[in-house]
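The next block holds one structure in the form of structure tokens; read it before the comments.
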Amino acid sequence: MVENNRWGNLFAHLVLILGVTIVVFPVYVAIIASTHPPGTFIRGVMPLLPGPNALENYRTVITEGRSRAGTPPIGGMLWNSFVMAMAITIGKLSISLLSAFAIVYFRFPFRIFFFWVIFLTLMLPVEVRIVPTFQVVADLGMLNSFAGLSIPLIASATATFLFRQFFMTVPEELMEAARVDGAGPMKFFKDILMPLSITNIAALFVIMFIYGWNQYLWPLLITTDPEYYTIVMGIQRMVTGGDSEPLWHLVMATVVLAALPPILVILFMQRLFVKGLTETEK
Amino acid sequence: MQTKRMTFSNSWLPYALLAPQVIVTLIFFIWPASQALYQSFLRQDIFGLRTTFVWFDNFNRLFADPLYLNSLTVTFWFSVGTTVLSMSVALLFAVMVNRMIRSRDSYTTFLVWPYAVAPAIAGVLWWFIFNPSIGIMPYMLKGFGYDWNHRSSSTDAMILVIIAAAWKQISYNFLFFLAGLQSIPQSLIEAAAIDGASRFKRFWTIIFPLLSPITFFLMVVNIVYAMFDTFGVIHATTEGGPAQATNILVYKVYRDGFVNLNLGSSAAQSVILMGIVIVLTVIQFRYIERRVNY
């Protein structure tokens, strides 16, 4: 065994505690700021200890929003984000499962061609084709709708590859047995393949949900109607809306609410999250 | 490419199964991309009435445009800064956490969650901390005699967006480095220790070289992240300013297309960006095929 160095361990703990402090600090500051009355931010340095206004601030952002700056109540934006994240996640998972199934369990003309078409999506993130994608969505009349928020983002090469790889490891005998017993392809898919993939599906679900929730550029482009604002993009409106200094106590309350759902997902499903993250990127 | 040894035979079902994915890809990925390619050869007059085919003129103009060249430089420094900062901090944390036995999981939990924070939110958080009038960091820096102001100083603004972008990416790098460290055989390290190599020497001559495949992989992923996923960081905080100091390529495409409505130039920029993504993706995938250990 390698030598055990007490001072070294102490040093490592110190580095890590400092590291964790730095990593946690921004969110700590946000939580603290969201509990203060507006007056705190006019002068001096931002507070580092909680203030008395938490309930009032959160009630304000959830129910009223800042109507003057054009931001609707947060409640609606949270709901929009949730719907968009779920639609993207479920959409990505289902179309990727189906296409991986087709690619692994069938032989048909143009199979490789379709595989490359799906692969191309990796090379064309929204950020590099902003204007023409916007035009397509506008021509299809999908601006300001949940369909427009989610459908253009549900193609997924990574999920398809992951499921393909996983299907390749499923023993051949299972399918032979299913065929001998007279099961058709869809029955095999539903009753054998899906139950076997459930851990992979769950792991990807965590990653995709975070991806969907954190979408920023896309909702920014295609929503002009506050009815459809999602919370992550709504924050930007609060920060830059109006010429004055942002109302920090309300902005930070919104930030906390916007960051909370994906953080909770990671904390409670850490094992699945790590699995999903390390396997999709391989 | 492989299939199963035995496959289902059905003439239409596989196409039906592929249809949703392929249709979405064609409509929302491939068609817009080809449009960008096409538009990059066109130019509209100022009233939008006449469109002319100008061959590579949009590209020539871009590379003669000091603003675009500036944006390239800015993107370069931003990507390098974000990648280096985030990866080195993450490697340090991973090496430290890897020494721990009982506390490993609790430290990991504390270090992974920033992954969940959207880039735009990460930007706003650090923007608040560095706010010149009430932020805590400028207050502390003033104690050291430095007058922080990212509204007027280009360097300060760049440092701010790099910190915000790197902070969010630490968790990702940390998880991969930790997985890499745990896959290094303990016997190698013990052998070196018996031969009298110090901890420091063991790290640089054994652990770090064995980590190099992961380091390279993470480098590509981080560059892609810094170039394409950080739109939110810039848009929610500095908006490219001050004086174009943080105007990264992705943000410039958006500005030129949606705010300045210069479609030809924006399309040409899109095409260049696509070229960059394609090169990076190819590097990433070629490399993954060869990766054996871990």
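First the proteins, then the strands, lettered A, B, ... as listed; each starts at 1.
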Heavy-atom contact with chain B under 4.5 Å, split by part of A/P152: both

Chain B contact via A/Q135 - which portion, at a heavy-atom distance below 4.5 Å: side chain

Under 4.5 Å from a heavy atom of chain A, the part of B/I278 involved: both

Point-to-point distance, once rounded to the nearest 0.5 Å, from CG of B/N10 to CE of A/M186: 10.0 Å

Part of B/M100 lying under 4.5 Å from any heavy atom of chain A: side chain

Segment of B/L92 engaging chain A (4.5 angstrom heavy-atom cut-off): side chain

Region of B/I121 in contact with chain A, defined by heavy-atom distances below 4.5 Å: side chain

Contacting moiety of B/T281, where chain A heavy atoms sit under 4.5 Å: side chain

Winner by heavy-atom pair count (cut-off under 4.5 Å) against chain A, out of B/P14, B/A267, B/S103, B/S9: B/P14

Most contacts with chain B, counted as non-hydrogen pairs under 4.5 angstrom, among A/Y211, A/F189, A/W213, A/F25: A/F25

Donor-acceptor contact below 3.5 Å, side chain B/W167 vs main chain A/V23: yes

B/Y139, part contacting chain A, at a heavy-atom distance under 4.5 Å: side chain

Contacting region of B/L249 [heavy-atom separation from chain A under 4.5 Å]: neither

A/N214 side chain vs B/P119 backbone, donor-acceptor pair below 3.5 Å: no

With B/V24, the side chain to side chain contact (heavy atoms under 4.5 Å, CB included) member among A/T121, A/I154, A/I118: A/I154

Euclidean distance, B/Q21 CD relative to A/F114 CZ, rounded to 0.5 Å: 11.5 Å

Residue B/V224 versus chain A: region with a heavy atom under 4.5 Å: neither

Option that, when pairs with chain A are counted at under 4.5 Å, heavy atom only, ranks first among B/F93, B/Y251, B/W31, B/W126: B/F93

Positive for side-chain hydrogen bond (donor to acceptor under 3.5 Å, both in side chains) with A/Q270, one of B/T108, B/T109, B/D105: B/T109

Part of B/I129 lying under 4.5 Å from any heavy atom of chain A: both

Sub-6.0 Å ring centroid separation between A/F110 and B/Y15: no

Partner residues of A/T133 under the side-chain contact (heavy atoms from CB on, under 4.5 Å) criterion, sequence neighbours left out: A/R129, A/W218, B/P32

Pairing residues for B/Q269 by the side-chain hydrogen bond (donor to acceptor under 3.5 Å, both in side chains) criterion, not counting sequence neighbours: B/D256, B/S265

